[in-house]
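Report on the following structure.
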There are 2 protein chains.
Amino acid sequence: MQSRSTGTTVSAGSSTKDAIRDAALELFRAKGFEQTSLREVADVVGITKASLYYHYASKQDLLGAIIDPIIEHMRSMAAEVDGIRWSGASVRTVLRDYLRGIVRHRHAGALLLRDTVAIINALNDRYPDWVDSTEQLRGWLAGPVPTDESKLRAVAALEVITVALVSTEYAPGAPDELVEGILLDCAVTVLDGFADR
Amino acid sequence: MQSRSTGTTVSAGSSTKDAIRDAALELFRAKGFEQTSLREVADVVGITKASLYYHYASKQDLLGAIIDPIIEHMRSMAAEVDGIRWSGASVRTVLRDYLRGIVRHRHAGALLLRDTVAIINALNDRYPDWVDSTEQLRGWLAGPVPTDESKLRAVAALEVITVALVSTEYAPGAPDELVEGILLDCAVTVLDGFADR
DNA sequence: GTCTATATACCGATAGAC
DNA sequence: GTCTATCGGTATATAGAC
């Protein structure tokens with residue numbers, strides 16, 4: 001659909017469309033979605049705003065290209081959890097899988113975490129059931145007989161997971177395996193109320 | 001500076017200036033700071049946009065009136081921590097005080113948490129050293145000899161504390177004392193790596 | 001203190017030439 | 001696929017009457 005064409009220097013082996021997406025992610029993360037104009041994105045890429053519209057039909061489309069993968073990950077986790085019996089072991093497995101996906105989509109996740117209001121406002125037409133997904137996962141983690149305490153611990157555990165999104169800022173040298181191990185331990189501990197190692 | 005004047009019916013025992021601040025906080029929380037226009041705020045209060053500018057010199061001024069108290073709390077915690085020797089007991093005390101302040105400024109805190117990028121962008125002139133404050137608290141919590149693990153655990157512990165900002169959404173019936181007790185336990189546990197109760 | 005009216009600027013999006 | 005030019009809308013902020 002997109003010919004590799006002649007050896008133009010848009011970006012190392014990447015199309016203009018991808019270059020726009022990458023530049024937008026960087027700017028959205030630094031300045032926020034609403035605070036970033038498409039003119040600024042186009043300037044970074046080296047094209048005009050009108051050219052950008054050739055590749056993306058709207059600003060929401062561009063945001064969708066960035067956010068889609070991590071939203072899909074969250075949605076699939078919520079669906080998967082529906083058929084899993086709650087237990088100490090399955091809780092750890094679910095949190096581990098969730099954490100791994102978060103790490104994989106780290107950059108988009110950091111945007112989603114820090115600019116939640118603007119992004120949800122812009123994309124609640126595209127993802128009408130995203131809030132329900134997060135709610136479902138939270139409810140499952142709180143256990144079959146939720147109490148105020150187990151609900152709060154579930155929220156706290158998910159909050160701990162999100163630290164993976166910004167781990168490179170605070171522990172730049174730590175490899176992903178270490179980050180995943182520590183945060184999974186923290187999240188499980190928060191849910192249980194005591195460590196099980 | 002602001003005469004109580006005659007008994008006008010601006011709001012129950014409150015000035016117009018306060019009514020503007022309260023309406024703005026509610027709208028900013030629901031729609032985000034940048035997504036909320038001063039015209040909308042003025043409409044809720046029942047005045048025009050021009051009248052609003054009589055009370056607040058700019059949109060940033062209005063945001064500052066909302067955010068100032070919690071920023072000041074964070075700054076004072078960071079300053080206080082500078083003279084405290086790090087220990088298991090002092091860590092718990094600091095986290096408890098921090099958590100109590102967060103609960104006290106819950107509404108402004110929830111705005112700050114969910115619209116971080118927009119708010120920091122709007123107010124980084126007014127609070128040039130706010131990021132340093134949070135960094136200082138985080139560094140102290142990580143202990144006298146920080147490792148990648150202790151740094152990550154410090155970030156995670158502070159992240160757990162922020163759950164207090166949205167606790168009323170997920171555990172509406174829980175009293176503040178219960179919320180504070182649970183979250184303090186979670187945060188301390190995350191920092192230690194095992195419970196100490 | 002509140003109003004109407006307006007200045008100024010930028011935004012997202014489109015039209016149409018090349 | 002990229003450009004120039006522009007439309008329609010809305011935003012913050014101000015001027016000046018009452």
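The model shown is predicted, which means the values in this text are computed figures rather than measured ones. Side chains included, hydrogens not; waters and symmetry mates left out as well; all remaining heavy atoms used. Below, chain A is the first sequence line, B the second, and so on; all start at residue 1.
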Tell me which nucleotide among [options] gets nearest to the side chain of [X].
X	options	answer
A:Tyr53	D:dT12, C:dT2, C:dA13	C:dA13
B:Lys59	C:dA15, D:dT12, C:dC3	D:dT12
B:Lys49	C:dC3, D:dA13, C:dA13	D:dA13
A:Ser51	C:dT2, D:dC3, C:dC3	D:dC3

Verify the contact: side-chain N or O of [X] to OP1 or OP2 of [N], cut-off strictly under 4.0 Å; return yes or no.
X	N	result
B:Tyr54	C:dG1	yes
A:Ser15	D:dG1	no
A:Ser58	C:dT14	no

Among all residues two or more places apart in sequence or in another chain, which pass the salt bridge (Lys or Arg N to Asp or Glu O under 4.0 Å) test with [X]?
X	answer
B:Arg39	B:Asp43
B:Arg21	B:Asp18
B:Lys49	none
A:Glu26	none

For this session: Taking only heavy atoms on the protein side, list every residue of residues 28-41 of chain B lying under 4.0 Å from any atom of DNA chain D, sorted numerically.
Result: B:Thr36, B:Ser37, B:Leu38

Using whole Å, what does the distance between atom [atom2] of nucleotide [N] and atom [atom1] of [X] come to?
X	N	atom1	atom2	result
B:Asp43	C:dT2	CG	C1'	14 Å
B:Ile20	C:dT2	CD1	C1'	11 Å
A:Gln60	C:dC11	CD	C1'	14 Å
A:Leu27	C:dC11	CG	P	12 Å
B:Tyr56	D:dT14	OH	C1'	20 Å
B:Leu52	D:dT14	CG	P	13 Å

For this session: Output every pair passing ring pair (Phe, Tyr, Trp, His ring centres under 6.0 Å) with a member in residues 105-124 of chain B, not counting sequence neighbours, ordered by first then second residue.
Result: none

Could you tabulate the donor-acceptor pairs under 3.5 Å formed by side-chain atoms of residues 173-184 of chain A, not counting sequence neighbours?
residue, atom, partner, partner atom, Å
A:Asp176, OD1, A:Arg106, NH2, 2.9

Exercise. Do the side-chain N and O atoms of A:Ser90 and A:Thr93 include a donor-acceptor pair separated by under 3.5 angstrom?
Worked result: no

Problem set entry | Minimum-distance pair of heavy atoms, taken over all atoms of A:Val190 and A:Arg153 | O-NH1, 2.8 Å

Exercise. To the nearest 10 degrees, what angle separates the axes at the start and end of the helix from C:dG1-D:dC18 to C:dC18-D:dG1, five pairs each?
Worked result: 0°

For this session: Sort and list the pairs that fulfil side-chain hydrogen bond (donor to acceptor under 3.5 Å, both in side chains) and have at least one residue in residues 115-128 of chain B, not counting sequence neighbours.
Result: B:Asp61-B:Arg126, B:Asp68-B:Tyr127

